[in-house]
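Scroll down for the structure; my scribbles are underneath it.
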Amino acid sequence: MKSLEQLINECKEQAFDLKFTRAKEWKEEKEGRVLVGYMPIYFPREVIHAAGGMAVGIMGGGDRKQIIKGDAYYQSYICHIPRSILELALDKHLDHIDGFIFPSICDVIRNLSGIFRQQKIGKFVKYMDFPQNFLPEIGGVFYQQEMEHVMHYIKEINGVEVTAEKLNHSIGLYNRNREMIEFIYDIRQEFPWRLSIEDVYHIIRAGMVIPVEEHNAILEQVCEHIKENIGEPQDKIKIVVSGAFCEQPAVGLIRAIEQAGCYVVDDDYMLGSRMILGDIDTTTDKPLEAISQAYINQSQYSSSIYDVHDPKEYRLAKIVKDRGADGVIFASASFCDPSLLDAPIFQNAFDRMGIRYIAFQYSENINQFKVIKEQVGTFSDSIKLWEDEPVETV
Amino acid sequence: MAQEAQKEKSMIIQKEMVSGLFNDLAKAKETGKKVCYTFIPGNLSELIRVFDMLIVYPEINALQSAMRKKSATYIKEAERHAHSEDVCTYVKCDVGMMLKGNIGPTGEKIPEPDVLLLSYTGCFTFMKWFETLKREYPNAEVIMIHTPYQENAEMTPQMTQYMVKQLKEVVIPKFEKVTGIKYDEAKLKRHLELSAEAEDWITKIFDTTKHRPSPIDAYFAGVYYIGPINIGFRGTQQAVDYYKELYKEIMLRVEQGLGPITPEGEMKEEKFRLVVEGPPNWTNFREFWKIFYDMGAVIVASSYTKVGGVYDMGWRHDPSRPLEALAEYCMNCYTNLNLPQRVDLLAKCIEDYEADGYLTNSIKSCNSFSAGQLGMMREIEDRLEVPVGFIESDLVDPRYFSYSNIKNRLESYFQMLEQRKLIKAHEAAEA
């Protein structure tokens with residue numbers, strides 16, 4: 001077994017390899033392999049795996065890619081991630097990726113799919129219209145058809161026919177992946193000092209760009225390590241970070257939140273890897289239906305999923321309660337419509353419920369956090385020093 | 001003189017239609033009519049009429065508030081309630097208006113919704129908007145109909161079936177429950193016949209810009225022309241009559257060789273013909289328009305007038321397949337088209353209407369339109385070698401309308417168009 005430090009260092013390298021080296025190597029190892037890039041938030045990677053492909057998460061350039069060409073396509077009042085994704089594409093970082101999937105997150109990502117079409121990037125471009133109707137016989141069927149389109153595109157490239165057996169096997173791998181990620185969060189709920197949130201972030205993000213089998217092997221070892229009583233507890237409050245599900249904050253910001261006095265016991269940074277809560281059925285002869293059912297019945301709340309039947313503010317409040325968190329940090333990417341439009345819903349509800357929170361905005365390429373760090377530090381102090389009332393029961 | 005009188009007639013008809021709508025809304029409690037809030041793109045007016053409901057369009061309230069100089073106050077009110085500076089100002093204006101008592105343009109309170117019908121067409125923010133409204137109106141029945149995006153530039157049978165199933169199994173049963181009225185397909189078909197007729201007329205109206213001079217401005221006046229077909233009158237005889245009358249007036253202008261009517265009278269000389277992409281600014285609508293007509297610029301086509309339905313490519317509501325027609329209508333609204341489709345449509349307008357230039361009015365708080373506009377502009381420039389221009393403003397937030405900046409940019413753009421005309425004339429003479 002590798003040391004925890006070794007594992008973390010490997011993940012750090014993979015997570016921010018904007019040339020997607022491991023994915024490229026994997027593709028070249030065997031004929032017929034296909035790489036499919038997908039944008040945040042979520043895509044059922046099982047489908048690509050079963051088709052002989054590998055899903056590659058494209059989470060933007062962060063603070064590690066200078067934007068020159070991408071800015072020419074976007075006005076100043078549009079978020080940063082589309083310009084950095086386009087920059088990656090125009091600088092040929094994505095050349096070995098065969099096709100691109102744009103999940104229905106917001107109008108910006110939707111229209112980015114149009115720019116990829118205009119620029120003729122990749123062998124296929126698919127805007128993945130996730131159903132906003134949650135009846136299995138209506139939205140569920142439509143979702144299965146959407147997944148079939150993706151399978152069709154991949155088959156046109158490599159000729160692979162997806163069978164129920166193959167898909168069930170892939171689902172099993174991702175079930176295990178999610179299970180271990182949740183195990184890490186569960187351990188951190190009690191012992192957040194055993195693994196910093198920065199390390200967790202690198203470990204999960206690495207899983208977006210390497211084969212799931214390799215990621216599972218890493219996670220197995222990480223889970224073993226953190227079962228041990230390692231690290232030293234510090235006097236910090238516990239908080240949940242919400243709103244950073246698409247454009248990612250720079251790692252420096254993720255680190256700064258914890259350094260400023262907050263253990264992050266849950267977050268939505270890598271929401272796509274944790275979107276399905278619990279396992280998807282692997283024993284059915286209709287695995288697409290199983291994936292669809294899981295999306296409809298077992299999804300985490302998200303700003304991109306219509307929530308009127310299951311309001312998100314109560315779901316987040318439940319996470320806060322279940323994790324024993326002292327408060328919430330709403331971190332939204334600048335100009336992020338889904339996150340910012342949800343802000344009043346969350347904040348007005350949390351005012352009523354007595355859940356403490358702060359809110360700020362960031363951009364993936366900004367690496368100066370002094371003001372945010374002070375804000376977070378003050379939030380932490382205010383709870384530590386003037387703690388008087390428990391969080392209202394939900 | 002006769003021509004001016006005829007122009008007034010269509011305006012009077014429209015004014016009566018709109019004031020009638022707001023009067024009906026004001027009396028909704030007395031008459032017991034149910035009230036349905038919905039959006040312009042993908043509005044299911046004909047179906048709502050089958051259930052005899054009155055319709056409120058939150059984005060129309062917002063733009064009217066802006067034209068009445070009330071949007072700044074409403075937006076500030078919403079921002080006091082945690083709404084970000086950087087999101088759709090229609091949403092904030094609507095929420096602010098609600099927080100301030102929901103007083104409509106006629107000075108009377110707009111009734112609360114019995115139904116929130118979210119047809120979610122081409123704009124992700126609509127979904128977030130109705131999530132917000134649902135929390136403000138917890139007793140309203142909320143109905144979502146998910147319109148698939150034309151990602152592959154097509155409406156597939158699967159997409160249509162997805163929508164038809166939602167109509168049959170979600171929308172119609174909920175309408176029946178709220179109103180107590182049984183779904184009447186024959187009545188829907190009659191409305192759809194009238195819709196198709198109105199769609200024929202409005203297509204002919206916007207096609208009159210082929211004439212030189214163009215008898216209408218298809219953007220600044222166009223937003224008035226699309227009023228009846230978009231705000232609930234599609235599917236009625238009133239709408240058909242209005243468009244017939246309007247067409248008659250416009251054709252009279254064509255016969256007389258007259259240009260568009262502006263707020264300061266008839267435009268005397270048509271110097272430039274433009275196609276405009278993006279919604280207009282509503283807070284300074286008159287000032288904005290004046291910059292154009294003062295410079296002799298007329299808009300011969302605009303994407304904004306297609307936001308409530310694209311009819312100029314031949315699509316019509318088909319009464320013989322009523323629910324399929326409603327589904328296709330929703331999927332075929334402008335912002336539900338993918339970017340290559342939008343470019344093709346605008347390029348066709350530039351060619352068909354012999355435009356001298358293509359101008360983008362980029363709206364700060366509308367990503368559905370704005371994200372991708374620069375790429376579209378670049379492609380149109382490359383494909384058609386037409387001069388492109390770019391300005392920025394906002395829908396209803398006056399803080400983002402900078403008159404001087406816009407005027408400077410437009411003046412430079414018009415100078416460029418002028419110069420190009422001279423060069424072309426010179427080249428033609430030499431040839």
Side-chain angles (χ1 to χ4, degrees), chain A residues 72-79 82 102 104-115 117-119 125-129 131-133 135 137-139 141-142 145-146 149 303-304 306-308 311-313 332 334-349 351 359 361, chain B residues 78 81-88 91 95 116 118 120 122-125 127-132 134-135 142 144-146 148-149 151-153 156 158-159 161-162 165-166 169-170 335 338-343 362 364-376 378-379 390 392 400:
Chain A
Y73 286 83
Y74 286 98
Q75 300 90 320
S76 57
Y77 42 77
I78 288 174
C79 59
F102 296 80
S104 49
I105 309 171
C106 68
D107 295 326
V108 172
I109 291 292
R110 185 196 67 185
N111 288 2
L112 180 61
S113 71
I115 294 182
R117 279 180 185 274
Q118 278 182 323
Q119 298 286 331
V125 171
K126 166 74 183 162
Y127 173 76
M128 181 81 188
D129 222 340
Q132 300 291 4
N133 174 288
L135 296 172
E137 66 280 14
I138 303 177
V141 169
F142 177 73
Q145 290 163 349
E146 286 288 280
H149 290 170
S303 294
S304 296
Y306 187 56
D307 81 335
V308 161
K312 58 179 84 70
E313 59 270 38
S332 303
S334 298
F335 304 107
C336 173
D337 276 344
S339 187
L340 293 172
L341 286 161
D342 271 348
I345 291 175
F346 280 125
Q347 293 175 23
N348 293 332
D351 285 342
Q361 292 180 38
Chain B
H81 287 77
H83 287 260
S84 165
E85 263 188 45
D86 296 323
V87 298
C88 174
V91 177
V95 169
L116 294 165
L118 172 54
Y120 183 33
C123 170
F124 182 84
T125 295
M127 188 179 92
K128 309 306 294 174
W129 194 343
F130 265 34
E131 285 180 354
T132 300
K134 173 61 185 169
R135 284 158 175 90
V142 61
M144 150 71 95
I145 176 164
H146 176 197
Y149 183 58
E151 60 112 7
N152 206 25
T156 65
Q158 288 176 338
M159 289 158 73
Q161 276 314 303
Y162 174 45
K165 274 197 229 170
Q166 292 179 79
E169 293 172 38
V170 180
T335 50
N338 75 10
L339 293 198
Q341 282 176 296
R342 294 185 198 186
V343 168
S362 183
K364 177 185 180 285
S365 66
C366 182
N367 286 335
S368 179
F369 267 100
S370 299
Q373 275 176 332
L374 294 171
M376 289 167 61
R378 188 181 289 203
E379 187 170 336
F390 185 82
E392 293 175 311
Y400 301 113

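A, B, ... follow the sequence lines: proteins, then strands. Residue 1 opens every chain. When reading the values below, keep in mind they use all heavy atoms of this one structure, side chains included, and skip hydrogens, waters and symmetry mates.
Proximity to chain A (any heavy atom under 4.5 Å) is restricted, for B/K134, to the side chain, taken from C-beta onward. Residue B/C366: no heavy atom, backbone or side chain, is found under 4.5 Å from chain A. Looking at B/E131, the atoms closer than 4.5 Å to chain A (heavy atoms on both sides) sit in the backbone and in the side chain alike. Only the side chain of B/L118 comes within less than 4.5 Å of a heavy atom of chain A; its backbone N, CA, C and O stay farther away. Residue B/V95: no heavy atom, backbone or side chain, is found under 4.5 Å from chain A. If you measure heavy-atom distances from B/N367 to chain A, the contacts under 4.5 Å come from both the backbone and the side chain.
Residues B/V142 and A/Y306 form a side-chain contact, since some pair of their non-hydrogen atoms from C-beta on lies under 4.5 Å apart. Taking 4.5 Å as the limit, some side-chain heavy atom of A/P311 sits within range of a side-chain heavy atom of B/R135. When side chains are defined from C-beta on, A/Q145 does not count as touching B/Q161, because their heavy atoms never get closer than 4.5 Å. Side-chain atoms of B/Q373 and A/I78, non-hydrogen and from C-beta on, never get closer than 4.5 Å to each other. Counting only heavy atoms from C-beta outward, the side chains of A/Q132 and B/Y120 approach each other to under 4.5 Å.
The most heavy-atom pairs under 4.5 Å with chain B, out of A/Y74, A/F346, A/F102, A/F335, come from A/F335.
Taking the six-membered ring for Trp and thresholds of 30 and 60 degrees, A/F142 and B/Y162 have nearly parallel ring planes, at less than 30 degrees apart.
Side chain to side chain, A/Q118 and B/E379 meet the donor-acceptor criterion of an N or O pair below 3.5 Å.
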Margin query: Run B/E151 and A/H149 through side-chain hydrogen bond (donor to acceptor under 3.5 Å, both in side chains) and show every step you take.
Written below: CA-CA 12 Å; B/E151 60 112 7; A/H149 290 170; 4.8 Å; no

